[in-house]
Structure formats: C-alpha cells, structure tokens
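Following: one structure in structure tokens, then a few remarks.
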Amino acid sequence: MDFLLAAFDPDNLKHHLSVITFLPVVGAICVAFMNGRRHREIKAVSIFFSLITFVASLPILWEFKHNTTFQMVEEAAWIPAFNIKYAMGVDGISLFLVLLTTLLGPIIMLSCSTNIHHRVKEFFISMLVLQTGVIGSFCALDLFLFYVFFELMLIPMYLLIGVWGSDPEGRREAAIKFFVYTLAGSLLMFLAVLYIANIAGTFDIRELPGRLHDLARNGQFSRTAQYACFLAFMLSFAIKTPLFPFHTWLPDAHTEAPTGGSVVLAGVLLKLGTYGMLRFALPFFPEPAVAMGPAICVLAVVGIIYGSMMATAQLISQGDWKRMVAYSSVAHMGFIVLGIFSFNLMATQGAVIQSINHGLSTGLLFLLIGIIYERRHTRLFTEYGGLAKVMPRFAVLFMIATLASVGLPGTNGFVGEFLVLMGTFKGPGSGAWSWSFHSTMATLAASGVVLGAVYMLWSYQKVFFGKITNPANEGLRDVNRVELSFTVPVVVLIFILGISPQWFLSRTEPAVNAALQHTLQRVDELRAMQASQK
Amino acid sequence: MLELPKETLLYLVALLPLIGFLINGFFGRSMSPTSSGGVAAGSVAASFLIAVGLFVGPLQKASIHAHPEFLTWMATGGLKVNLGLYLDELSGLYMLIITGIGALIHVYSIGYMKHDEGHWRYFAYLNLFVFSMLMLVLGDSLLTMFLGWEGVGLCSYLLIGFWYKDLKNTNAGMKAFIVNRIGDFGFMVGMFLVFWHFGTLSYAGGDGLFASVRESTANGQIDHTLLNWAGLCMFVGACGKSAQIPLFVWLPDAMAGPTPVSALIHAATMVTAGIYMLARMNFVYVHAEQAMMVIAIIGACTALFAGTIGLVQRDIKKVLAYSTVSQLGFMFLAAGLGQFNLAVFHVFTHAFFKALLFLGSGSVIHSLEHTLGHGNPDSQDMWKMGGLKKKMPVTCWTMVIGSMALAGIPLTSGFFSKDAILFSAFHRGDTLGMVLYGMGMVAALCTAFYTFRMIGLTFFGSWRGSEAAYAHADESPASMTLPLVILSVFALVAGLLWLPPAIVPHPESGSIWVSFKHWLDPIWVQGQTAMSADSLLRMPVEHDDATIRAEWMNIGISSVVAVVMSLFGFAVYSKPGSLEKVKALAIRNGRPNLVYSILLNKYYVDELYDFLVVRPLKLASDVLFVVVDVVIIDLICVRGVAEIVRVSSDLGRRIQTGVVRHYLYAFAVGAVVLTALFLLIAQRGA
C-alpha cells in the first residue's frame with residue numbers, strides 16, 4: 001500500500017497520471033494469475049483495483065490549478081530516434097474526462113459483478129485493460145502515445161461485444177462492425193499522424209499546433225495537405241463520436257454489448273471522438289476546421305434530429321430499449337459536436353461539460369436497463385409495462401435518468417445543452433443581430449429538445465405506467481443494495497452538475513478558451529496572409 | 001423571525017416547500033396520510049406567513065435582491081447567472097397567491113387524498129410544484145425563471161399522470177409535457193435573442209436587464225426587429241404554459257389529475273405563468289408592437305374559442321378547464337393591449353374564484369366517488385347529477401359565489417377585472433380594438449351562460465344519476481369546506497381593490513384602494529427612464545369626462561350581459577326535465593346537429609394535430625429508419641465496402657503464407673508506400 005500513500009503526497013505527484021493510468025493494468029495482471037473458477041475473488045480484485053484507481057485520481061482535482069497549461073506533466077524519452085516521448089499531463093479539457101473514467105470504473109465493475117457468469121476472468125481483464133486505454137488516451141501528450149492507447153481500447157471492446165454480447169448471432173456481427181468501422185477510421189488517422197509528425201519533427205501535442213502553424217505560413221504545409229489531414233483525423237473521430245452518417249455501428253454495438261460494455265462505451269469511449277476533435281483537429285488544422293465548420297455543424301444538427309427520430313422509430317416498431325438509448329446518444333453527441341464547431345466559447349464550454357453529462361446520464365440509463373435485463377433477460381418494450389407498481393425505487397431512479405436525458409433544468413443535461421445552444425446561436429461572430437447560419441443551426445438543434453422529450457417519456461410510459469399486463473413482471477424485485485450503491489453516486493452527480501456546474505466550468509474555462517482563441521487567431525493570421533499575397 | 005435578514009427570509013420562502021418535498025419524498029412512504037399532508041401543508045403555510053411578513057417591504061417600494069456569490073449557477077463566455085431571488089411588487093403578488101392559495105389547497109388535499117395509498121407521492125409532488133413555481137416568479141434572471149418554468153411542467157406531468165395505472169392519465173401527462181416543451185423551445189430561442197441584444201439574462205443589478213434596457217433606450221440602440229422576434233418567441237413559451245391557441249390542447253386533458261391539482265396548477269398558478277413572464281418582460285414588449293398585436297389577437301381568439309366549447313361540455317371539470325383557457329385568453333388580450341396591470345389583476349381575481357370552483361367540483365366528485373368508485377367517469381358527468389344543493393349546501397353556495405365571479409356578475413371580483421379588460425379594448429378606439437372588444441364580449445356572454453348551466457345541472461333540478469350515489473352523497477369534511485368558504489370571501493371582495501376610474505374618478509385621492517391599484521406601477525417603468533412617446537403601455541387611462549361616460553356605458557353593457565346570460569343559463573338547465581328538451585334540440589334522429597357536433601369535438605383540433613403533426617412525424621421516423629439507416633447506410637455503404645474488402649481479401653489470401661516475418665515485411669513496405677504516396681500528394685498540393 002505504500003505506493004498508494006505516496007500517491008497522496010503532493011511532492012510525488014510527478015508520476016501521478018502514470019499511476020492511475022497503469023493501476024488497472026496491474027489489476028489485470030493480478031487477475032490473469034488467478035484461478036479462473038474463483039469468480040468471487042476475481043470480481044473482488046477487479047473492484048478493488050478500479051476503486052483505488054478512482055481514489056488515487058482524486059488528488060488531481062485538489063491539485064488542479066485554474067490555468068491554461070498542462071499540469072502534472074511527466075516526460076521521458078521513449079523512442080528517441082523518432083523523437084517519440086512518453087509524455088502525460090492533464091488540462092481543463094481532459095481533467096473531468098479522466099475523472100469520469102476513473103469514477104465509472106468501480107461503478108462498471110460493481111454492475112458487472114452481478115451479471116457476468118461465464119469467462120469471468122477474461123471479462124475483467126478486458127475491462128481493466130480497456131480502462132487503462134481510455135485514461136491513457138485522455139492523458140497522453142504525445143501523439144504516438146495517444147495512438148497506442150487509442151488502439152489499445154479497440155481489442156478489449158471488440159471482445160466485450162463479441163464474447164459477452166447478448167445474442168450469439170448478432171454479437172459477432174456487431175463486434176465486427178464496430179471493429180471495421182473504428183479501424184478504418186483510425187488507420188487513415190495514423191497516416192495523417194505520421195505525415196504531420198514527419199514535417200513538424202515532433203509528436204508532442206503541446207508543440208504541434210505552433211509548428212504546424214509556422215509550416216502553414218511558410219507554405220511547407222500546403223492547404224491540400226491540411227485538408228487531407230484534417231479529414232483523416234475527423235473521419236476517425238466522427239466514427240468514434242459517432243457523427244451522422246457514421247453512426248450505424250453504435251446501435252448494434254450497444255444492443256449486443258453487456259451492461260458494462262454499454263456503460264463504458266456511452267460513458268467514455270464516445271467522448272474520445274469529441275475530445276480528439278477539440279484536442280487535435282481544431283488546433284492542428286485551424287483553417288480547414290473553421291472552413292469546414294459549417295458543414296460539420298449541419299451533420300451534427302442532422303444527427304440531433306435524425307437520432308431523435310430513430311429513437312422514436314424504435315418505439316413505434318415496439319423495438320429494443322437499448323437500441324433506443326443508443327440512438328438518443330447519437331442525438332446527444334450531436335450537441336457536443338455542434339458546440340465544438342460553432343467556435344464560440346460558451347458553446348465549446350457547453351460541449352466539454354456535455355461530454356461529462358452524457359457520460360453520466362446515458363451511463364445511468366444503461367446501468368438501469370442492465371438491472372432490469374438481469375431480472376427479465378429481455379429488452380423489448382412489449383415485454384414490459386406497469387413496473388412502477390412493483391419496482392418503485394427503480395422507477396424513481398429511471399425517472400431521474402430520463403429527466404437528465406431530456407435536459408430538465410436542475411439536472412446536468414440542461415447545462416450542457418443550454419450552453420451549446422446559446423453559444424451556437426451567436427456563433428463565432430459578434431455585432432448586430434441577424435438570422436445567421438449559426439442561429440438557424442441552434443434553432444433547429446433546439447427542436448431536438450422537444451423530440452427528446454417525446455421518445456424518453458414515451459418509453460418511460462411503456463415500461464413503467466399502466467397495469468401489469470405481463471405476468472412475468474409481477475414478482476420482480478426492486479433494486480437491492482449493491483445496485484443502489486452503483487447508481488446513487490451517479491444520481492448525486494447528476495444533481496451536483498445540474499445545480500452547481502460553475503465548479504466545473506471554472507476549471508475547464510481557461511484551457512477551453514485558450515484552445516479556441518488560438519484556433520481563431522491562427523485562422524485570422526493565415527487568412528490575412530493569403531489576402532495580402534493576392 | 002424578523003431578526004433574520006430579508007434575503008435569508010426570501011430564500012426560506014422558496015426553500016420550505018422544497019424541504020417538505022424532500023421529507024415526503026424520502027420518508028413519506030412510512031408516514032400516515034395526515035402526517036405527510038401535514039408536513040406538506042405546514043411547509044407551504046409557513047412559507048406563506050414569511051411571505052406576508054416580507055410583503056410589507058415591497059409595499060414600501062423596496063425590492064429585495066438576494067444573489068450570494070456562492071450560488072453562481074453558470075458563468076462562462078459572457079454569461080453570468082446566479083441562483084438568486086428577486087422580490088418586487090410583481091413577484092411579491094405572485095408569491096402571495098402561490099403560497100396563500102397553495103396552502104389552502106394543501107389543507108383541502110389532506111381531506112381529498114386521505115384514502116389514497118400514494119398520498120406521500122402526491123404531497124411530495126405538490127410541494128415540489130410550489131417550490132418550482134416560487135423559483136419561476138422569484139428567480140432573478142430569465143434562466144432561473146426557466147428553471148422554475150420547466151420544474152412546474154415536470155410537476156404538472158407527474159400530477160396529471162398521478163394515477164399511473166390508467167394509461168389515459170399518463171397519456172394526458174405526457175401530452176402536457178410535450179406540448180409545453182414545444183413552448184419551451186420558443187422560450188429558449190427568445191432567451192437567446194434577449195441575451196444577444198442585452199448581453200445578460202438577470203433582471204436587476206448594475207449590469208442587469210433593467211439597467212441595460214434603460215441605457216439602450218437612452219442611446220437609441222433598441223433593435224425593434226430583434227425584440228419583436230424575441231417577444232414572439234417567448235410568447236410561444238407562454239402559449240404552451242398558459243394554454244393559448246395553438247398550444248392549448250393539453251389543458252383540457254390535464255383534468256385527468258386529482259382535482260386539487262387542477263385547482264392549484266391548472267387554474268390558479270402555473271397556467272398564469274405566461275402572464276407573469278409577459279409582465280416581467282414588459283420592457284421587451286413595449287418595443288415590440290407587432291408581437292403585442294399578435295398576443296392581443298391570439299388572446300381574444302382563445303377566449304372566444306374556448307368559451308364556445310365550454311357551452312357543450314358534460315364533464316364538470318372540462319367546463320372549468322375550458323373556462324380557464326377562456327379566462328387566460330382575456331388576460332393575454334389585456335397584456336397584448338399593453339394593459340399588463342389589468343392582466344395581472346385578472347390573474348389575481350381569477351386565482352380565487354377558479355380555485356374555488358375547482359375545489360367545489362372536487363368536493364362534488366369526492367362525494368360521488370364514495371359510492372361510484374374511484375375514477376368512475378359518472379362522478380364528473382353533469383348529465384348524471386342534479387339537485388345536489390340539498391345534500392351539499394356549503395359546496396353549492398360557495399360554488400354559486402365562484403360562478404358569479406366567473407360570470408362577471410356586478411360587484412364580484414371577476415366583474416371588475418374582466419370589465420376593465422373589455423373596456424381597454426374598447427378604449428383603443430380603432431377597428432382592431434372594436435373587433436377585440438366584440439370577441440371578448442361574446443366570450444363573456446358564453447362564460448356567463450355555461451357557468452350557470454353548470455350550477456343548474458349540478459345543484460338544482462332533479463337527480464339524474466344512480467340512486468345509490470345520491471343516497472350516499474354528503475357534504476365534504478371541514479378540511480375541504482373551510483378552504484371553500486375562505487376562497488369564496490376573496491372571490492367576492494378581491495375586486496374591490498381595483499375599482500375602475502368611473503367609480504373612483506380621482507386616483508390622487510390616496511385611499512387604500514387607489515394605492516393598491518397603482519401598486520404595480522413601478523414594474524412598468526423599471527426598464528425605462530421615462531415613458532417613451534411610442535410606448536405601448538397605455539396606462540393609466542386618461543380620465544376625462546368622455547372616457548368616464550364610455551366606461552359607465554361599458555359597465556352597463558357588461559352587467560346586463562352577465563346577469564341576463566347567467567339567469568338564462570340557470571333558467572334553462574335548473575328545471576327538472578329541461579336537459580332532455582335541450583338534448584332534443586341539439587340531437588335529431590340520433591345525430592347531433594352540425595354546430596353541436598363541431599363544438600362537442602372541440603373544432604376537431606386534436607384530430608387536426610394528429611393528422612398534421614403526429615402521424616407525419618411517426619411515419620417519417622419509421623420510413624427514415626428503414627430507408628436511411630438500414631438500407632442506404634448499412635446495406636449499401638457499409639456492407640458494400642465490406643463486400644469489396646472480402647472479395648479483395650479472397651484474392652489476398654493466396655499471398656498469405658502464415659509466416660509472421662512476411663507479414664511484417666509487407667506491413668513495413670505498405671506503410672512506407674502509403675506514407676510516400678501521402679507525402680507526394682501533399683507536396684503536389686503545396
């Protein structure tokens with residue numbers, strides 16, 4: 001336990017991020033050496049490691065300074081020949097994503113401890129490795145290192161869907177779809193990574209924006225190349241997010257994945273897409289990002305409306321509960337992308353906070369659906385009805401998740417959506433008012449708020465209200481203590497973020513503002529230069 | 001108690017019901033109906049007492065603005081919003097209505113919900129509603145108003161669908177929430193526009209909206225186009241919350257909830273939130289002439305439209321629901337004419353008499369349900385009532401008083417407020433004013449008729465329902481009748497606070513009546529340095545001799561219309577056997593005549609929306625899912641690409657030797673080639 005105690009010593013925070021990144025892998029190694037039939041012990045060890053990872057991540061919060069720089073930075077040469085470093089650090093953009101990941105860790109492990117019964121050992125190893133991959137991706141300050149972590153997540157996730165999926169037929173197809181989609185995107189990105197690292201001579205995320213900007217001004221980084229690289233990065237992140245029309249892998253993956261897989265997917269994996277946009281696509285390629293911003297905004301808004309309509313379609317066709325929530329994710333992630341590509345501080349802040357919000361509220365939805373799936377082994381709406389009578393506590397928890405998902409003020413969902421919409425409404429411009437492109441986008445996106453209420457309340461009605469028509473639902477147990485222990489913390493956070501988002505916003509603002517201002521400044525410089533050349 | 005600073009007391013007013021909600025929410029299940037009701041009623045009553053204490057302050061023209069720094073809600077990108085509270089004349093009046101009538105209805109509910117196993121849920125929701133409503137009116141910014149705005153919508157949803165085992169109820173709740181969301185969409189866009197123009201969402205303070213408007217007006221920087229749009233968008237929100245055309249459809253269905261809920265939420269308080277918002281934002285609307293015209297026209301249309309539907313309803317609560325929609329229309333008419341003070345005055349009187357009428361109808365329903373069983377539609381069907389006067393004298397006579405106020409019988413509270421609104425339309429003097437006046441007058445005429453039709457059918461004539469129900473019908477307990485009596489006193493006299501200039505010709509005379517009448521005046525000048533010349537706030541009405549004469553004439557017409565139509569409605573429906581005669585008139589050969597069936601089907605608006613909005617949306621969702629997601633993206637694009645990969649990999653299989661070294665070579669070569677290709681492309685582009 002010494003290393004843990006040492007972790008709390010402020011002097012030793014130098015390696016703090018590495019500790020929390022690799023603790024889950026240490027856990028995975030421990031599990032690997034355990035007897036595969038001792039399920040209880042395997043679960044206990046996994047929960048223990050995810051829990052100490054969470055506890056160990058808390059000092060980041062106390063030590064975090066409200067400024068624009070990367071903090072808790074650690075650096076070491078890794079492959080000096082190519083100037084590849086092992087560099088980690090957090091700033092306002094990644095801070096809460098890291099904490100969200102470490103928080104969801106023990107929650108997911110707890111929820112899985114009740115509903116995974118075969119290949120338990122392999123399951124928890126995958127989960128722990130996955131966690132390392134996600135934390136590493138958010139902390140990496142070296143592009144190559146980022147890519148390694150980014151790809152590291154792919155395999156465990158593929159296994160989670162393919163091995164522990166619910167339907168033997170569907171899960172393989174869903175897993176392959178997930179794999180091919182994601183890999184296709186990330187390979188193109190890898191080429192772009194190699195290209196920019198080659199011309200800039202560094203993989204360092206802190207240096208790359210400046211270097212690339214200089215190269216662009218000198219004409220060594222042509223516009224065509226900028227656009228090609230931007231599109232390569234964007235394709236990868238658009239698939240990950242997912243942005244319409246690259247979203248069709250998500251409903252399949254969510255539907256088939258076990259509860260823990262769905263939670264980690266919705267909770268943090270999707271955030272890597274939008275994180276990548278804000279961290280890489282914007283600062284590295286400001287000009288194409290600004291030039292193509294409107295097109296991406298349109299896709300995001302289409303995603304919001306289209307995702308909502310698809311979620312409604314699942315209800316009309318009496319379909320699958322998880323599939324509906326998956327489509328609602330497409331809509332919610334659309335808000336985040338819209339916020340990022342509006343180039344407005346308020347909207348970007350909203351997008352960052354919405355990433356956390358979506359992780360919490362959609363994570364909670366999947367956790368709760370997992371609880372009922374565990375009892376009834378079906379996700380079809382037609383199988384349910386009248387559950388409020390037999391599972392009153394469960395009904396309350398689900399109502400809170402529903403309200404957070406539809407963005408009711410007082411819950412976290414409202415804060416993100418509102419900031420994104422209000423910021424987007426104004427857009428990057430300033431001055432006198434007229435119905436601009438961005439105002440139109442914000443207005444259209446705001447209609448998603450109405451549609452969200454339609455499918456969320458309708459699905460709640462189908463499951464919880466009315467008389468119990470299916471005898472199988474009559475004797476259902478209400479949520480037990482273990483289930484409360486991993487849902488109540490999320491509920492509490494939903495309200496904390498809803499009532500006191502300022503605590504979070506004030507920590508993200510400096511970094512978000514800097515990223516945005518640099519992007520806009522560089523675009524201005526480039527455009528001024530191009531104008532003078534003509 | 002008064003030792004505490006006023007800011008703390010103000011927070012206490014809002015937070016006490018929230019504490020009640022938490023107590024009932026967490027522990028109510030194990031509490032008895034009386035104790036959970038006691039907690040709920042006690043918290044609201046306590047907050048009413050504090051509110052009365054604070055009320056003295058605003059009367060002395062001192063507003064309270066509590067906005068501690070630690071309650072910063074959001075502050076980013078130029079926006080700064082506190083969870084602050086702001087008490088002035090307008091929010092003070094609303095605060096008193098909400099907590100005062102709220103407390104009475106909580107007490108009434110203890111009797112009404114005594115035998116319901118979900119009593120604790122009910123009281124928790126009701127407390128949460130009072131808290132949200134207080135946040136709506138006391139919040140110091142548009143965003144805090146929106147917090148309350150959506151909060152009351154949530155409580156309304158939960159309480160309409162309170163008896164959730166019947167899907168009819170939860171459907172009505174869902175309809176209410178979704179239709180309100182359409183309104184909220186407008187509210188949000190309006191908020192964006194206001195923020196764009198003024199750079200803030202808070203009202204008070206040095207950088208608040210009041211100061212900002214004053215400055216913009218002084219510098220001539222008001223963008224009238226923007227404010228017209230903002231005004232219209234926010235009015236869409238008001239249409240949702242306050243059930244105006246075209247978003248009124250949820251309110252009649254909302255009667256599925258428990259009757260005290262209809263009284264508190266769907267008559268006295270929540271549905272008047274739209275008027276509060278317009279009055280609060282008066283500084284936007286005085287610069288938005290077109291928006292104001294739209295509001296006045298929609299208000300008058302709604303008043304008339306709902307008034308005619310009210311004529312044919314059988315369900316006692318539906319009559320009251322349509323009368324609420326209609327009365328809200330009057331309020332919007334007043335607001336659209338720039339007479340915000342009259343709109344708020346009508347909110348004030350309406351709160352008393354409509355709460356009274358709903359509680360009265362609840363008393364009738366409660367008494368009949370005793371025999372007929374809970375949720376039996378017969379307990380609300382006036383065609384199966386009659387002669388209840390003998391059984392329920394207190395309910396009967398308090399409801400008669402409420403009906404007099406609703407019908408606008410002279411000297412009751414409803415008379416003064418409604419008459420003043422009609423007169424302000426008349427006094428506008430142009431064609432539009434006359435048309436609005438005419439519509440309002442016809443609506444008033446319908447109101448008087450159907451109100452006393454209701455009284456006649458329910459309490460007079462002979463009993464038409466099942467014998468058993470009549471035999472067991474009995475007066476409700478004191479916890480229910482006491483609120484009725486208190487409310488009926490206010491329904492009678494509340495209007496005397498606001499006597500028209502014709503009766504009190506010299507507002508300077510300084511009596512208490514006159515000072516109350518001008519009590520709200522500071523609100524209307526908050527945003528301006530002085531009344532601008534083109535201001536739409538036409539108040540106070542000038543009191544020259546011609547105006548006074550016109551006003552007397554108007555009072556005369558209104559009085560005659562109200563009295564004659566009330567007597568007519570009562571006479572037709574109170575005689576035994578008269579209902580059959582009327583039915584025979586409207587229904588020939590088993591087919592209702594055209595006018596009757598149009599009214600009975602509420603002008604087919606629900607069917608129209610179903611055809612125009614609901615079905616197309618469902619169809620589009622379904623078709624898009626199959627066409628775009630399943631066929632185009634998945635089958636053609638994804639599967640297509642996968643097929644190409646598969647075919648090419650079949651070819652590639654021959655290259656597969658199974659030796660790892662070969663793969664590594666191939667990988668390296670491929671990577672180099674691709675990178676080179678990329679570099680070449682990039683270089684050529686440069």
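Here is how names work: the chains are called A, B, and so on, in the same order as the sequence lines, proteins then strands, and each is numbered from 1. Everything quoted here is computed from the prediction, not taken from an experiment.
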pair [X]-[Y]: side-chain heavy atoms closer than 4.5 Å:
{"X": "A:Tyr306", "Y": "B:Val628", "result": "yes"}
{"X": "B:Trp196", "Y": "A:Ser439", "result": "yes"}
{"X": "A:Pro392", "Y": "B:Arg121", "result": "no"}

Measure across [X] and [Y] and return the closest heavy-atom pair with its distance rounded to 0.1 Å.
{"X": "B:Gly77", "Y": "A:Met346", "result": "O-CE, 3.3 Å"}
{"X": "B:Phe177", "Y": "A:Leu457", "result": "CD2-CD1, 3.2 Å"}
{"X": "B:Trp73", "Y": "A:Pro501", "result": "O-CG, 3.1 Å"}
{"X": "B:Leu617", "Y": "A:Met309", "result": "O-CE, 4.3 Å"}
{"X": "B:Leu167", "Y": "A:Phe465", "result": "CD2-C, 3.8 Å"}

For the pair [X] (side chain) and [Y] (backbone), establish whether a donor and an acceptor sit closer than 3.5 Å, ignoring hydrogens and angles.
{"X": "A:Gln502", "Y": "B:Thr72", "result": "no"}
{"X": "B:Arg181", "Y": "A:Ala453", "result": "no"}
{"X": "A:Trp458", "Y": "B:Met174", "result": "no"}

Counting only non-hydrogen atoms closer than 4.5 Å, does [X] touch chain B with its backbone (N, CA, C, O), its side chain (CB onward), both, or neither?
{"X": "A:Val512", "result": "neither"}
{"X": "A:Ile499", "result": "both"}
{"X": "A:Glu173", "result": "side chain"}
{"X": "A:Met422", "result": "both"}
{"X": "A:Gln226", "result": "neither"}
{"X": "A:Leu505", "result": "side chain"}
{"X": "A:Tyr181", "result": "side chain"}
{"X": "A:Ile353", "result": "neither"}
{"X": "A:Val449", "result": "both"}

Roughly how far apart are [X] [atom1] and [Y] [atom2], rounded to 0.5 Å?
{"X": "A:Leu421", "Y": "B:Met188", "atom1": "CG", "atom2": "CE", "result": "4.5 Å"}
{"X": "A:Tyr455", "Y": "B:Ser621", "atom1": "OH", "atom2": "OG", "result": "11.5 Å"}
{"X": "A:Leu403", "Y": "B:Leu154", "atom1": "CG", "atom2": "CG", "result": "5.5 Å"}
{"X": "A:Phe418", "Y": "B:Met191", "atom1": "CZ", "atom2": "CE", "result": "4.5 Å"}

Can you sort out the partners of A:Asp252 under salt bridge (charged side-chain N to carboxylate O under 4.0 Å, His left out), two or more places apart, ordered by chain and number? A:Lys177, A:Arg323
Contacts of B:Arg615 that satisfy salt bridge (charged side-chain N to carboxylate O under 4.0 Å, His left out) - sequence neighbours left out: B:Asp610
Could you tell me which portion of B:Leu83 (side chain, backbone, both or neither) has an atom closer than 4.5 angstrom to a non-hydrogen atom of chain A? side chain
Turns out that what part of B:Asn180 lies under 4.5 Å from chain A's heavy atoms comes down to neither
How about [atom1] on [X], more than 12 heavy atoms from neighbouring residues, nucleotides or ligands closer than 6.0 Å, or not?
{"X": "A:Arg393", "atom1": "CZ", "result": "no"}
{"X": "B:Lys80", "atom1": "NZ", "result": "yes"}
{"X": "B:Lys618", "atom1": "NZ", "result": "no"}

Between B:Thr170 and A:Phe464, does a side chain to side chain contact (heavy atoms under 4.5 Å, CB included) hold up when you go through it step by step? CA-CA 10 Å; B:Thr170 55; A:Phe464 291 95; over 6 Å; no
Atom pairs and distances, side-chain donor-acceptor, residues 155-165 of chain B, under 3.5 Å, sequence neighbours left out:
| from | atom 1 | to | atom 2 | distance (Å) |
| --- | --- | --- | --- | --- |
| B:Ser156 | OG | B:His266 | NE2 | 3.1 |
| B:Trp163 | NE1 | B:Asp116 | OD2 | 2.7 |

Using the benzene-type ring in the case of Trp, are the ring centres of B:Phe146 and A:Phe414 under 6.0 Å apart? yes
Evaluation steps, side chain to side chain contact (heavy atoms under 4.5 Å, CB included), between B:Leu79 and A:Leu419: CA-CA 9 Å; B:Leu79 172 76; A:Leu419 290 176; 4.0 Å; yes
Whether B:Phe625 and A:Tyr327 hold their rings parallel, tilted or perpendicular, with breakpoints at 30° and 60°: perpendicular
I need the contact set between residues 406-413 of chain A and chain B: heavy-atom distance under 4.5 Å, sorted by residue number. A:Val406, A:Gly407, A:Leu408, A:Pro409, A:Gly410
Tell me, out of A:Pro251, A:Gly386, A:Gly385, A:Ala388, who's got the most heavy-atom pairs with chain B below 4.5 Å. A:Ala388
Name the member of A:Asn513, A:Leu345, A:Val450 that forms the most heavy-atom pairs with chain B at distances under 4.5 Å. A:Val450
Side-chain H-bond candidate by donor/acceptor type, B:Thr76 with A:Glu509, under 3.5 Å: yes
